[in-house]
Amino acid sequence: MKTTKFMTMALLLAAASAGMSSCSVSDNEKSPEQVEDPIKDAVEYYIVGKVTANNSALSGVTVSTSGLDAVTTDANGQFTLTVEEQKEYTLEFAKDGYLKASTIVKLSGLSNRSSVAVSVQMTQKAAEEDIPANQNVLVEANSTNHTTEVSNAADANAVANIATVGAYIPKETIEAGTKISMTQYVPEVTSTQVAQNSSAPVMAVYVETIGGDITATEANPVVLSVKNPTTDGTHFESMEVYADATSRASANLGTANYNAATQSYDLELTSGTLSGSYEFRVSYTRTATAKTSVIKEGKVDNSGNFEAKKDVTIAYSAQMGWTYTAAPTGGLANLMKNAIASQEGTEGTYTMNYEEVTNVSGNSIMYWKAENKYNEVTYTFTLNNGTATAKLKKYTGVAFTYTNETANQHSGGTSSTGNAQ
């Protein structure tokens with residue numbers, strides 16, 4: 001009887017010991033669940049932007065680039081293109097009734113899921129107008145009403161009556177039955193990589209003739225003219241005119257001389273047809289200091305949990321565009337603003353919203369940070385009596401960075417809700 005009891009107790013102790021040993025081994029061998037990181041595994045970058053017309057958001061603009069499906073601007077004029085390579089992209093912008101636009105965006109040195117911003121201004125094409133037969137005419141672009149204004153002119157001195165930009169056209173250059181459309185516009189940003197010392201258009205027009213041509217000769221030159229808006233004689237030291245039959249001017253036609261009598265910058269065209277784009281450019285110096293500011297940062301804490309957290313959303317918003325910190329002043333302010341807008345894009349800031357969806361492995365912590373990239377920019381223009389400057393702050397994009405770290409914490413610890421903090 002004693003032997004039987006002894007054997008029973010020995011068996012129970014052995015079983016208990018085995019159970020405890022089994023439990024301990026199970027706890028020690030349990031491993032945190034490992035999951036794929038969709039942010040790291042899916043490399044992509046974003047070209048974001050806003051399209052405006054007359055300083056208002058322009059919806060329904062088709063934005064396209066080679067190798068990608070085109071997108072359309074939304075009600076806020078905003079768009080996003082998702083790309084997989086860091087390289088140069090040429091973006092084309094088109095909408096019925098508007099002049100086409102394009103810009104070059106260069107992606108380089110970006111972290112995964114970062115973005116680059118661009119702002120583009122488009123212009124509604126002006127309506128065409130008849131040119132009276134056998135008359136010298138003054139043609140002006142009315143940017144307010146998107147119309148072309150044609151009036152009789154005695155001679156080239158009539159350019160003194162131009163409000164902003166236009167042309168004196170002798171009757172000998174005009175084919176019978178010719179109609180004309182002249183659209184005043186600010187050229188689109190040619191590239192997100194802005195030159196530090198170059199020239200920029202203070203004014204531009206796009207000219208189309210219908211039913212006939214306007215052909216300039218040495219005997220009967222066509223005069224392109226931009227009004228100098230100051231009343232005290234202050235003017236840009238020099239102004240060059242560039243032309244091209246396409247949407248972006250490239251051929252240098254010569255200097256538009258300042259005429260004190262007519263208070264205008266004038267260039268005589270002595271050959272060729274009046275057609276395409278004409279840009280009146282002035283020289284500038286641009287200095288820029290690159291900076292960053294933290295938009296939002298946080299962590300997804302999954303320490304102490306052996307199960308992974310999946311489909312965690314990290315959301316943040318970022319400023320894009322630019323705004324003046326010291327706007328141009330004086331009589332030439334609006335022309336200088338045109339020049340700056342042609343290099344930086346449409347003045348104004350807007351908000352872009354971002355979401356990243358990721359997974360966090362068991363017993364791990366993700367630390368993340370979103371930063372706005374921006375430049376502090378100064379422009380300097382040379383005038384006949386000194387210089388003029390303007391300063392601005394330009395948001396150029398967003399950098400999103402993160403790290404995943406093992407918590408090295410035994411099970412039983414606390415964890416977050418799984419949302420980005």
Looking at [X] and [Y], would you say the former's side chain and the latter's main chain have a donor-acceptor pair under 3.5 Å?
| X | Y | result |
| --- | --- | --- |
| Glu92 | Ser64 | no |
| Thr73 | Phe79 | no |
| Thr183 | Lys125 | no |
| Lys309 | Asp301 | yes |
| Lys50 | Gln121 | no |
| Asn145 | Ala126 | no |

Do you know which of Glu128, Glu129, Glu208 makes salt bridge (charged side-chain N to carboxylate O under 4.0 Å, His left out) with Lys179?
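Looking at Glu128, Glu129, Glu208, the match for Lys179 under the salt bridge (charged side-chain N to carboxylate O under 4.0 Å, His left out) is Glu128.
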
Against [X], only a single residue in [options] fulfils side-chain contact (heavy atoms from CB on, under 4.5 Å); can you say which?
| X | options | value |
| --- | --- | --- |
| Leu383 | Thr230, Leu332, Val282 | Leu332 |
| Ile47 | Leu81, Val63, Thr65 | Leu81 |
| Leu224 | Val207, Leu269, Asp266 | Leu269 |

Between the side chains of [X] and [Y], is a donor N or O closer than 3.5 angstrom to an acceptor N or O?
| X | Y | answer |
| --- | --- | --- |
| Tyr45 | Gln86 | yes |
| Glu376 | Tyr374 | no |
| Thr262 | Ser264 | yes |
| Gln319 | Asn372 | no |
| Glu240 | Ser199 | no |
| Thr401 | Ser111 | no |
| Tyr206 | Thr123 | no |
| Thr173 | Asn220 | no |

Compare every heavy atom of [Y] with every heavy atom of [X], then report the nearest pair and how far apart it is.
| X | Y | value |
| --- | --- | --- |
| Ser119 | Tyr350 | OG-CE2, 3.8 Å |
| Asp311 | Asn359 | N-OD1, 2.8 Å |
| Gln184 | Val205 | CA-CG1, 4.2 Å |
| Asn252 | Val241 | OD1-O, 3.4 Å |
| Lys296 | Ala315 | NZ-O, 3.3 Å |
| Gln343 | Pro201 | NE2-CD, 4.1 Å |

Please determine whether side chain to side chain contact (heavy atoms under 4.5 Å, CB included) holds for the pair Asp37 and Tyr402, giving the CA-CA distance in whole Å, both sets of side-chain angles, and the decisive distance to 0.1 Å.
CA-CA 11 Å; Asp37 180 355; Tyr402 71 98; 2.7 Å; yes

Assess whether atom [atom1] of [X] is packed by more than 12 heavy atoms of other residues, nucleotides or ligands within 6.0 Å.
| X | atom1 | value |
| --- | --- | --- |
| Asn353 | CG | yes |
| Asn197 | CG | yes |
| Asp96 | CG | no |
| Glu172 | CD | yes |
| Glu36 | CD | no |
| Glu44 | CD | yes |
| Glu218 | CD | no |
| Asn134 | CG | no |

Are any of the side-chain nitrogens in Arg113 or Glu356 under 4.0 Å away from the carboxylate oxygens of its partner?
yes

Is any side-chain N of the basic residue among Glu405 and Lys299 closer than 4.0 Å to the acidic one's carboxylate O?
no

State, with a plain yes or no, whether a side-chain heavy atom of Met352 is found less than 4.5 Å away from one of Thr80.
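Result yes, sub-4.5 Å side-chain heavy-atom pair found.
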
Evaluate the side-chain proximity of Ile314 to Met366: yes if any heavy-atom separation is below 4.5 Å, no if none is.
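SC-SC contact between Met366 and Ile314 confirmed.
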
To the nearest 0.5 angstrom, please state how far the NZ atom of Lys291 sits from the OG atom of Ser293.
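The NZ atom of Lys291 sits 10.5 Å away from the OG atom of Ser293.
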
The test is side chain to side chain contact (heavy atoms under 4.5 Å, CB included); show your working for Ile174 and Ile180 and say whether it passes.
CA-CA 10 Å; Ile174 308 167; Ile180 189 169; over 6 Å; no

In terms of the angle between their ring planes, are Tyr379 and Tyr284 parallel, tilted or perpendicular, with boundaries placed at 30° and 60°?
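Rings of Tyr379 and Tyr284: tilted, as their planes differ by 30° to 60°.
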
Would you call the rings of Tyr265 and Phe236 parallel, tilted or perpendicular, where under 30° means parallel and over 60° means perpendicular?
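Ring orientation, 0 to 90° scale: tilted.
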
For the pair Asn112 and Lys40, evaluate side chain to side chain contact (heavy atoms under 4.5 Å, CB included) and give the outcome as yes or no after the intermediate values.
CA-CA 8 Å; Asn112 187 20; Lys40 181 185 72 175; 5.5 Å; no

Pair Leu335, Met203 - check side chain to side chain contact (heavy atoms under 4.5 Å, CB included), show working.
CA-CA 7 Å; Leu335 293 182; Met203 189 66 66; 3.8 Å; yes

